[in-house]
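Quick notes on the structure that follows.
The structure presented is a predicted model; accordingly, all values stated were derived computationally and were not measured. Along the sequence shown, residues are numbered consecutively beginning with 1. These numbers come from the heavy atoms of this one structure, side chains and all, not from hydrogens, waters or symmetry mates.
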Amino acid sequence: MTQTTTQTLNLPAPAAATRQAAPLPALGQLVLSELRRMVRNPMFFIGTVGFPILWFALFGLPNVNEQLPDGTNVGRYILVSFGTYSLLTLAMYSFGLAVAAERTGGWLRLLRASPMPAPLYFLGKVVAALTFSAFSLTMLYTFAHFAGGVTLPPVLALTILGKLLLGCVPLIALGFMIGFLINPTAANVIANVVSVLMSFASGLFVPLNGLPDVMQKLAPYLPTYHLAQVGWGTVTGNTSGEPMHWLSLALYALVFGALAIWGLKKDEARGL
């Protein structure tokens, strides 16, 4: 008679699966992927870097040597105007159109199923946008400096850069709001309309006193107006009204951010 012996192997218990990706490496990869997407998209690169330089060449260079009544160099003033336009364009295309496209392509659905925390996705986009914004503003200033002789003391240049980047946060929130609330097929049209309307109504292309009355009355209700006022005030040295502009920008960031989160929750409820 044959006796069968059963041997039990004591294997180590499997480790509990973790649902959280390592934050810093994941954030770094997200930022790098976003920057690659921006650089590899010719139309995005031209729109956010090339167009502000082109507009400065067309409208700024002929007037860089003029002075405002308070003695401020017009070239510096125009530099802030098109720098603000550059940030608005980047926010509309990097967030409004990109997020809408990612909703359509199912990329957000895939991210929700992955171990990556959702806030990390947004943080990665914001960091990448601010990094690219700094690059875009630097390129604009470099062109203005060498082509038009527009110079800024280093401290003033860094101050303007820091303020514009900080003030760009409400525009980023606006881009997220468009990306999550607007139908993806209509996001392109809406982003373009918002970009053009805000640029002109805020006095970025034409001085406010040269705009129709309806535009002048609309301007104080636009985030780009307050951002440009912060930049212009820094250039002219008149920063007395800056706290009110920062308060307005903070309120816009909260409102647009809340609406963007609401749109995201709606997408999650629908399984998009």
Roughly how far apart are [X] [atom1] and [Y] [atom2], rounded to 0.5 Å?
X: Gln67; Y: Thr72; atom1: CD; atom2: OG1; result: 8.0 Å
X: Ile261; Y: Phe180; atom1: CD1; atom2: CZ; result: 9.5 Å
X: Phe51; Y: Leu58; atom1: CZ; atom2: CG; result: 11.0 Å
X: Leu197; Y: Met215; atom1: CG; atom2: CE; result: 5.5 Å
X: Phe135; Y: Leu130; atom1: CZ; atom2: CG; result: 15.5 Å
X: Leu227; Y: Leu88; atom1: CG; atom2: CG; result: 9.0 Å

Any residue meeting ring pair (Phe, Tyr, Trp, His ring centres under 6.0 Å) with Phe59, in chain and number order, not counting sequence neighbours
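Phe59: no ring pair (Phe, Tyr, Trp, His ring centres under 6.0 Å) contacts found.
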With sequence neighbours excluded, tell me which residues meet ring pair (Phe, Tyr, Trp, His ring centres under 6.0 Å) with Phe143.
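Here no residue qualifies.
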Side chain to side chain donor-acceptor pair (under 3.5 Å) pairs, two or more places apart, involving [range]:
range: residues 191-216; value: Tyr93-Asn192, Asn188-Asn192, Ser202-Thr224
range: residues 39-51; value: none
range: residues 131-155; value: Ser86-Ser136

Do the side chains of [Y] and [X] get nearer than 4.5 Å, heavy atoms only?
X: Pro52; Y: Met139; value: no
X: Arg76; Y: Leu156; value: yes
X: Phe132; Y: Val39; value: yes
X: Val127; Y: Leu30; value: no
X: Val99; Y: Lys125; value: yes

Examine Tyr85 together with Phe205 and report whether their ring centres are nearer than 6.0 Å.
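Close enough - the centres of the two rings lie under 6.0 Å apart.
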[Y] reachable from [X] in the ILVMFWY side-chain graph, under 4.5 Å edges:
X: Val230; Y: Leu247; result: no
X: Phe45; Y: Met38; result: yes
X: Met177; Y: Trp262; result: yes
X: Val214; Y: Val196; result: yes
X: Val235; Y: Leu68; result: yes

Holding to side chain to side chain contact (heavy atoms under 4.5 Å, CB included), I want the full list of residues that pass it with Val64, two or more places apart in sequence or in another chain.
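Applying side chain to side chain contact (heavy atoms under 4.5 Å, CB included) to Val64 gives Phe56, Leu61, Val150.
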Mind checking side chain to side chain contact (heavy atoms under 4.5 Å, CB included) for Pro243 and listing every partner two or more places apart, or none if nothing turns up?
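Result, side chain to side chain contact (heavy atoms under 4.5 Å, CB included) vs Pro243: none returned.
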Transitive ILVMFWY cluster of Val193 at side-chain heavy atoms under 4.5 Å: who else is in it?
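Under the 4.5 Å side-chain rule, Val193 groups with Val189.
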I'd like to check the salt bridge (charged side-chain N to carboxylate O under 4.0 Å, His left out) partners of Arg37; sequence neighbours left out, ordered by chain and number.
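Arg37 satisfies salt bridge (charged side-chain N to carboxylate O under 4.0 Å, His left out) with Glu34 only.
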Quick one: list whatever passes side chain to side chain donor-acceptor pair (under 3.5 Å) with Asn65, sequence neighbours left out.
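For Asn65 there are no side chain to side chain donor-acceptor pair (under 3.5 Å) partners, ignoring immediate neighbours.
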List the atom pairs, with distances to 0.1 Å, where a side-chain N or O of residues 161-176 and a protein N or O form a donor-acceptor pair under 3.5 Å, not counting sequence neighbours.
from   : atom 1 : to     : atom 2 : distance (Å)
Lys163 : NZ     : Thr234 : OG1    : 3.0
Lys163 : NZ     : Glu242 : OE1    : 3.0
Lys163 : NZ     : Glu242 : OE2    : 3.1

How close do [X] and [Y] get, heavy atom to heavy atom, and via which atoms?
X: Leu218; Y: Ala201; result: CD2-CB, 4.1 Å
X: Tyr252; Y: Pro220; result: OH-O, 4.3 Å
X: Ala144; Y: Leu79; result: CB-CD1, 3.9 Å

Chi angles and distances behind the side chain to side chain contact (heavy atoms under 4.5 Å, CB included) call for Phe44, Leu90
CA-CA 8 Å; Phe44 173 82; Leu90 187 142; 4.0 Å; yes
Suppose the criterion is ring pair (Phe, Tyr, Trp, His ring centres under 6.0 Å): which pairs have a residue in residues 207-230, not counting sequence neighbours?
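Passing the test, one end in residues 207-230: His226-His245.
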Under the side chain to side chain contact (heavy atoms under 4.5 Å, CB included) rule, what do Val80 and Gln229 come out as? Steps first, then yes or no, please.
CA-CA 9 Å; Val80 170; Gln229 289 293 333; over 6 Å; no
Out of Leu152, Leu158, Thr159, which one pairs with Val155 under the side-chain contact (heavy atoms from CB on, under 4.5 Å) rule?
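The passing option is Thr159.
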